2 protein chains.
Amino acid sequence: MSIKKVAQLAGVSTATVSRYLNNPEQVKERTRLKVQSAIDETGYAPNTLARNFRRGRTSLIVVVLPTVGDPFLENVMRGIWRVADEQGYSILIRDTQSNSHEFDEYTDMVFSKQADGILLLASISPFEEPTGKPRASNKVHPPIVLGLESVTAELNQFPSVRVDNVAAAADGTHYLIQLGHQRIGFIAGKRNSLLTHDREKGYRKAMRKAKLPVASGWVVEGEQTLEGARRATRRLLSHKERPTAIFCANDEMALGAIHEIKNAGLKVPEDISVIGFDDIRYAEIMDPPLTTIAQPAEEIGERTMRRLCQAIEGSDGDSEAEIVPHKLIVRKSTANAPR
Amino acid sequence: MSIKKVAQLAGVSTATVSRYLNNPEQVKERTRLKVQSAIDETGYAPNTLARNFRRGRTSLIVVVLPTVGDPFLENVMRGIWRVADEQGYSILIRDTQSNSHEFDEYTDMVFSKQADGILLLASISPFEEPTGKPRASNKVHPPIVLGLESVTAELNQFPSVRVDNVAAAADGTHYLIQLGHQRIGFIAGKRNSLLTHDREKGYRKAMRKAKLPVASGWVVEGEQTLEGARRATRRLLSHKERPTAIFCANDEMALGAIHEIKNAGLKVPEDISVIGFDDIRYAEIMDPPLTTIAQPAEEIGERTMRRLCQAIEGSDGDSEAEIVPHKLIVRKSTANAPR
DNA sequence: TTGTACGCGTTATCAT
DNA sequence: ATGATAACGCGTACAA
């Protein structure tokens, strides 16, 4: 009963107050002043709840990501926020704690009007199939855009923005091969992450192309964490055919790998070269500075968000994947193969 | 018109459907089944917008923080999320991009019902005074809890949870002094950050107590970034009375400092000791591993969130600050003073 | 240019 | 245990 009070105080109708708020140009100067002073006096703030309800939209976007505090995602978020601010959306962040969740868990947020759209930056691979009862077919698919990751079969109907992870990883691997490395290990992410799986695919592809073998035990799981990568590295170091170079599916793991290699009394890059993926800000200050593959994080954020806005407005063109360019950044953690 | 459809299809009233949804125990088994099958058939999902509107609450909490992708805040967020999930709140994250904002900008979110409460983890120092017109006094102060930071005069009416930054920084400084350091530099955060200002206070306090001088130029601004810390470090290194130890107001800056010191051809800790604050996960894998002061991040998150829930429910007890314990973690970036 | 009046989907109150 | 209905605060079609 708030707009009413203002109206009463200003001696106008609620409709006029509403118009003053939303289409000021439709109300006469003199009236405007009256309304404004009534608003000032009461300290009135429009009830967003009622407004959203009436308008049928929340102006809320849910961004689903594996972990906050990922320095790479920070940059992506920056791009997302820029567009969100510009378009009047607020960002709701859902951390999946690196677990995979049911697809419905997120889409329901749209169907129940908790949010207008969803930005999926998470590991989405094994979205468990909807439990039992099939989702009612009278529901159209909600506004969803995928960022960073490739998509599973069930998700390829949605637009996505990402680098070509296969090609990028192949490039990185190729670079190591050019340096003369023949025994190259790979530290993968979690089993359910399509993204790191694609990078592994790129690695294998480049190895195959160079006619180099991938010995059993050269590809290990690093769990996308510092600690997981350290464990993985230890396994690699004790391999009977120890690699002279290690490709890590992301920088976080590369940092862990470098640390562990040095701990073992070996030198990077003299004994073992290490290459990462993402170019997070810590890559450069590592000792040695990390060679890595950079993604245009902020741009990815911007573009996913823009596509989502389009999808919400229904002006959703095609659902093709947008591929953005990656770039190899050579620093000091890679060198010619030893001997 | 959706609950209506379900009601119609199930041959009951909307009230019954609503009850089934919110207080299932109040509806008879037989009716429950009818309603459930109607829901299944229609794929009905309650409109959260309408529900929130009716109930007068959003179940949304806004967390205001300086930058996402801060590895320390990640841990705080983890604690916040745990409580939020448990209490049925969703978390809206606002990144201030390390700038300070007007206080109203956030409180308005509560007054306009965009959110039920606010968790302030950001640099809040110079909340510019409300512009001109004083905020209408008929507004009670909204549910706000402060985390990590101390408070300005205008904010000390709100509960807060944090470590004793002054004491903690004094402890760290004292540790360096014990190691025989006499020339100790300090890399501060941004000028408007009360938090790092408190840490600087602790540093100065410990120096004073040990009767050690703080030469002009020994306290430099590091902007809370890797890059800013590197610049600050360069200035410290070129000081005519170069410090033999550097206290950094947080780990992020400590990492930058170590990198820059090594870049300059000096050794940590042989030539210069470095100590940080926060104990982020990268502290341990740095070369050398970083000595730092740890905060119970997750616990801080949990406790701030719990207090906020209380504040929202109105069972807000006192607004005293909760102080949680800090802890010095000695690793390899500190050693006895040279010579 | 402004006012009247209805409806958005839900929950809650009061009967039954 | 269930049904009828008022109310939440706002936006807007329509009338004036």
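The chains referred to below are lettered A, B, ... by the order of the sequence lines, with proteins before strands, and numbering in each begins at 1. In this text, all values refer to a predicted model and were calculated from it rather than measured experimentally.
When the side-chain nitrogen and oxygen atoms of B:Arg51 are compared with OP1 and OP2 of C:dT11, one or more of them lie within a distance under 4.0 Å.
Across the protein-nucleic acid pair, B:Lys4 atom NZ and C:dT10 atom P stand 10 Å apart, rounded to whole Å.
Comparing the end axes of the helix from C:dT1-D:dA16 to C:dT16-D:dA1, each fitted to five base pairs by superposing C1' atoms of four pairs onto the next four, gives an inter-axis angle of 30° (nearest 10 degrees).
In the set C:dT2, C:dT10, D:dT2, C:dT10 carries the atom at the smallest distance from any side-chain atom of B:Ala50. Side chain of B:Thr31, nearest nucleotide from D:dC10, D:dA1, C:dT2: D:dA1. In the set C:dT10, D:dA1, C:dT2, D:dA1 carries the atom at the smallest distance from any side-chain atom of B:Lys28.
Within residues 12-26 of chain B, the residues having any heavy atom under 4.0 Å from DNA chain D are, by residue number, B:Val12, B:Ser13, B:Thr14, B:Ala15, B:Thr16, B:Arg19, B:Gln26.
Between the side chains of A:Gln26 and A:Tyr20, no donor-acceptor pair of N or O atoms lies under 3.5 Å. B:Asp95 and B:Thr67 share no donor-acceptor pair across their side chains, judged by distance under 3.5 Å alone.
When all heavy atoms are compared, the tightest approach of A:Val35 to A:Val6 is O-CG1, 4.4 Å.
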In residues 68-83 of chain B, what donor-acceptor pairs under 3.5 Å come from side-chain atoms, sequence neighbours left out?
| unit_1 | atom_1 | unit_2 | atom_2 | d |
| --- | --- | --- | --- | --- |
| B:Asp70 | OD1 | B:Phe72 | N | 2.7 |
| B:Asp70 | OD1 | B:Leu73 | N | 3.4 |
| B:Glu74 | OE1 | B:Arg281 | NH1 | 3.0 |
| B:Glu74 | OE2 | B:Arg78 | NH2 | 2.7 |
| B:Arg78 | NH1 | A:Gln97 | OE1 | 2.4 |
| B:Arg82 | NH1 | B:Glu302 | OE2 | 2.3 |
| B:Arg82 | NH2 | B:Glu298 | OE2 | 2.2 |

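Under a 3.5 Å cut-off, the side chain of A:Thr48 and the backbone N or O of B:Ser112 do form a donor-acceptor pair.
At a threshold of 4.5 Å between non-hydrogen side-chain atoms, the residues A:Ile300 and A:Gln295 count as touching.
No N or O donor and acceptor, one from the side chain of B:Arg54 and one from the base of C:dA12, sit under 3.5 Å apart.
Once the 5.5 Å centre distance and the 30° plane angle are applied, the aromatic ring of B:Phe53 is found stacked with the base of D:dC8.
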